[in-house]
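One structure is given below, encoded as structure tokens.
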Amino acid sequence: MGNFRNLAPAFIALLAAGGQVGLPILILTSLRSKGLNRHWIFMNFCFTEIIYSVAFCLLLYSGQYRHDQPNHALCVAQAAIVMGVLPMVGVAAFIFVLQIWATFQDPGSIVFTTFENRYVLFILLLSPYVTFLCFLLASILVATTLSDSVGARNGLFCFFKPTVMYDGHLWHVKTHNLVLDGNT
């Protein structure tokens with residue numbers, strides 16, 4: 001993978017403009033507008049996109065992207081957050097699509113009435129963050145067990161090295177040893 005450190009200004013501009021300026025303006029506008037009919041699942045999806053944007057900018061905001069070896073603790077934190085935020089946004093997007101689909105169902109159908117239940121809505125709103133927490137904790141577990149498993153190879157953000165991501169046996173053995181046996 002190449003080093004894209006020279007693209008840092010464009011990378012941060014795109015992430016900040018859309019995810020850290022545009023989406024908060026959209027959320028605040030829809031919250032303050034009295035005549036706008038908004039759905040909380042849409043707002044939740046926008047909020048997860050804001051978290052996504054901030055997660056990918058941590059190395060850039062700290063200025064560590066300029067270094068060949070960024071601060072290890074920051075790199076581990078960003079890699080774990082990125083590994084948690086990717087499935088979180090995926091779950092939020094899936095729930096958003098399900099909500100759109102349910103909106104077009106017959107008002108008397110079980111799908112429509114299920115999505116109108118406030119307990120179901122609460123579970124749907126909470127599920128991206130539960131997903132985030134699970135993946136975050138698993139990533140922290142792997143990153144602390146394999147101290148050299150993260151890096152900023154692309155020069156823009158820290159992530160797990162491909163050998164850790166694709167070597168399922170290593171992931172399984174290390175997780176099994178740490179969780180079940182208490183050994184590293």
Side-chain angles (χ1 to χ4, degrees), residues 1-27 44-96 125-184:
M1 180 183 301
N3 190 322
F4 302 110
R5 199 173 284 137
N6 60 332
L7 297 175
F11 184 75
I12 198 167
L14 290 171
L15 281 172
Q20 297 165 34
V21 176
L23 283 174
I25 290 172
L26 177 69
I27 289 173
N44 194 46
F45 173 71
C46 291
F47 190 71
T48 60
E49 289 290 338
I50 292 169
I51 297 170
Y52 171 91
S53 174
V54 171
F56 276 93
C57 289
L58 291 176
L59 196 65
L60 298 169
Y61 286 155
S62 71
Q64 293 283 320
Y65 74 95
R66 294 182 189 102
H67 304 214
D68 288 333
Q69 295 294 326
N71 180 298
H72 185 69
L74 175 66
C75 216
V76 166
Q78 184 178 29
I81 292 169
V82 165
M83 285 298 290
V85 84
L86 293 172
M88 176 185 72
V89 169
V91 169
F94 178 69
I95 291 170
F96 181 44
L125 290 174
L126 195 61
S127 59
Y129 306 104
V130 171
T131 304
F132 171 75
L133 188 61
C134 291
F135 277 85
L136 176 73
L137 293 175
S139 300
I140 290 171
L141 180 73
V142 170
T144 55
T145 304
L146 304 170
S147 61
D148 62 340
S149 62
V150 297
R153 292 180 41 185
N154 63 10
L156 298 174
F157 57 88
C158 294
F159 199 68
F160 284 90
K161 294 180 181 173
T163 55
V164 176
M165 295 298 299
Y166 302 115
D167 188 2
H169 177 70
L170 178 63
W171 174 280
H172 170 73
V173 169
K174 287 297 184 180
T175 306
H176 171 70
N177 286 347
L178 194 62
V179 171
L180 298 179
D181 300 336
N183 301 329
T184 53

Distance check, rounded to the nearest 0.5 Å: Ile27 atom CD1 versus Cys46 atom SG? 5.0 Å

Could you grab the distance from atom CG of Leu136 to atom OG1 of Thr131, nearest 0.5 Å is fine?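 Between Leu136 CG and Thr131 OG1, I get 12.0 Å after rounding to 0.5 Å.
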
May I ask you to test the Phe159-Leu86 pair for a side-chain heavy-atom distance under 4.5 Å? yes

Hey, are the side chains of Val142 and Thr145 touching, using non-hydrogen atoms and a 4.5 Å cut-off? no

By ring pair (Phe, Tyr, Trp, His ring centres under 6.0 Å), which residues pair with Phe45, not counting sequence neighbours?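 Scan of Phe45 (ring pair (Phe, Tyr, Trp, His ring centres under 6.0 Å), adjacent residues dropped) gives Phe96.
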
What verdict does the side chain to side chain contact (heavy atoms under 4.5 Å, CB included) test give for Asn71 and Ser62, after you've listed the backbone C-alpha separation in whole Å, the side-chain angles of each residue and the deciding distance to 0.1 Å? CA-CA 10 Å; Asn71 180 298; Ser62 71; over 6 Å; no

How about Tyr129: does its OH atom have over 12 heavy atoms from other parts shown lying under 6.0 Å from it?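 Count over threshold, so yes.
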
For the residue pair [X] and [Y], what are the closest heavy atoms and their distance?
| X | Y | value |
| --- | --- | --- |
| Phe132 | Ile81 | CE1-O, 3.7 Å |
| Val85 | Ile51 | CG2-CG2, 3.8 Å |
| Gly84 | Phe135 | CA-CB, 3.7 Å |

How would you list, by chain and number, every residue that makes a side chain to side chain contact (heavy atoms under 4.5 Å, CB included) with [X], sequence neighbours excluded?
| X | answer |
| --- | --- |
| Val21 | Ile25 |
| Pro24 | Ile50 |
| Leu125 | Trp40, Ile41, Asn44, Leu121 |

Give every residue pair that meets the side-chain hydrogen bond (donor to acceptor under 3.5 Å, both in side chains) criterion with at least one member in residues 12-24, sequence neighbours excluded. Gln20-Ser53, Gln20-Tyr61

Can you give me every donor-acceptor pair (side chain of residues 72-79, partner residue at least two apart or in another chain, under 3.5 Å) with its distance?
residue, atom, partner, partner atom, Å
His72, NE2, Ser147, O, 3.3
Gln78, OE1, Cys158, N, 3.0
Gln78, NE2, Ala55, O, 2.9
Gln78, NE2, Phe56, O, 3.4

